[in-house]
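Read the structure below first, then the notes.
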Amino acid sequence: MILLSDPAVRHLQDLLREKGVSDKGLRIFVEKGGCAGWQYVMNIDAAHEGDEVIEQKGVQLIVSQESLAQLHGSTIDYCDDLTGTGFRIHNPNAVRSCGCGTSFEPAVSQG
C-alpha cells in the first residue's frame, strides 16, 4: 500500500482544480537514474491499462505495475519549507537517498 498524507491530498486537489481535470491523478513511478541509482518521477496523468490506482480522499494515486514493489509501503507527503517545496516520498525500501530526495538506492537491487 502507498499512502498520501493529508497535505499531499490537499495539494493534489488544488493542482487538479487549477488544471480543470477531475479524471486524472498523481502518477508516480521509478526509473533508473539520479545520483543514487533510481529516481522518482511524478506527473499529473490519467490511469492506463495495467496501472494500480489508489483512491484516497477523492484523489487518485496512479502507480505503474513495474514500480509497485519499489514503492510499496511508501508515504507521499507535500512540504513547503526551507528545504524546498513539493511532494516528498518516504520510502521504507530505500537504503540510501540522495541529498535532494529525488533518487534512491533500493534495499534489493532491481537490475
Side-chain angles (χ1 to χ4, degrees):
M1 180 72 150
I2 303 168
L3 299 174
L4 288 165
S5 69
D6 287 340
V9 168
R10 284 191 297 275
H11 187 72
L12 183 53
Q13 289 168 335
D14 291 345
L15 276 175
L16 296 173
R17 190 171 25 260
E18 286 173 14
K19 294 182 178 287
V21 293
S22 59
D23 59 338
K24 295 185 179 182
L26 180 65
R27 174 178 294 282
I28 181 172
F29 60 96
V30 296
E31 63 184 13
K32 283 191 175 191
C35 52
W38 290 86
Q39 63 188 3
Y40 301 110
V41 181
M42 290 181 259
N43 57 26
I44 301 297
D45 196 7
H48 303 289
E49 187 174 333
D51 287 338
E52 180 80 17
V53 178
I54 302 163
E55 301 259 350
Q56 189 175 337
K57 299 181 182 177
V59 296
Q60 292 182 351
L61 180 63
I62 303 163
V63 185
S64 68
Q65 287 293 322
E66 297 81 21
S67 299
L68 275 174
Q70 292 182 14
L71 294 169
H72 182 76
S74 294
T75 299
I76 300 169
D77 195 11
Y78 181 81
C79 299
D80 186 359
D81 57 29
L82 293 175
T83 59
T85 299
F87 290 105
R88 294 200 187 133
I89 300 167
H90 304 283
N91 187 344
N93 303 303
V95 293
R96 180 174 69 90
S97 294
C98 68
C100 63
T102 60
S103 70
F104 70 101
E105 179 182 340
V108 177
S109 177
Q110 303 293 312

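Here the structure is a predicted model, which is why all the values come from computation and not from measurement.
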Does atom NE2 of His90 have more than 12 heavy-atom neighbours, drawn from other residues, nucleotides or ligands, at distances under 6.0 Å?
-> yes

Between the CZ atom in Arg17 and the CG atom in Leu12, the distance rounded to the nearest 0.5 Å is 10.0 Å

Describe, in one word, how the ring planes of Tyr78 and His11 are oriented to each other, choosing from parallel (under 30°), tilted (30 to 60°) and perpendicular (over 60°). parallel

Transitively linked via ILVMFWY side-chain contacts under 4.5 Å: Val9 with Ile28? yes

- Task: Verify the distance criterion only: is there a donor paired with an acceptor across the side chains of Asn43 and Asp45 at less than 3.5 Å?
- Result: no

Here the pair of heavy atoms bringing His72 nearest to Pro92 is O-CG, 3.8 Å

d(Glu66 CD, Glu52 CD) to nearest 0.5 Å is 12.0 Å

**Q.** Side chain to side chain, Leu61 and Gln56, heavy atoms closer than 4.5 Å
**A.** no

Point to revise | Shared hydrophobic cluster, Ile89 / Trp38 (ILVMFWY, side-chain heavy atoms < 4.5 Å) | key: yes

- Is the closest side-chain heavy-atom distance between Val59 and Leu26 below 4.5 Å? no

* Would you say the side chain of Glu31 lies within less than 4.5 Å of the side chain of Gln39, judging by non-hydrogen atoms? -> yes

So NZ of Lys24 and CD1 of Ile62: to nearest 0.5 Å the spacing works out to 9.5 Å

Taking the side chain as C-beta and beyond, is there a heavy-atom pair between Leu71 and Asn93 under 4.5 Å?
no

Checklist entry - Is there a path from Leu3 to Val53 through hydrophobic residues (I, L, V, M, F, W, Y) whose side chains come within less than 4.5 Å of each other? => result no

All heavy atoms of Ser5 vs all of Asp77, minimum pair found to be OG-OD1, 2.5 Å

Note, Leu15 side chain near Phe87 side chain (heavy atom, < 4.5 Å): yes

- Are Ile76 and Leu68 in one and the same hydrophobic cluster, where Ile, Leu, Val, Met, Phe, Trp and Tyr link if side-chain heavy atoms are under 4.5 Å apart? yes

OG of Ser74 to CE of Met1, rounded to nearest 0.5 Å, is 12.5 Å

d(Arg88 CZ, Tyr40 OH) to nearest 0.5 Å is 13.0 Å

Are Asp51 and Arg27 side-chain neighbours, meaning at least one heavy-atom pair lies under 4.5 Å?
yes

Notebook entry, point to check: Mind checking whether Lys57 and Leu4 have side chains closer than 4.5 Å, heavy atoms only?
Noted result: no

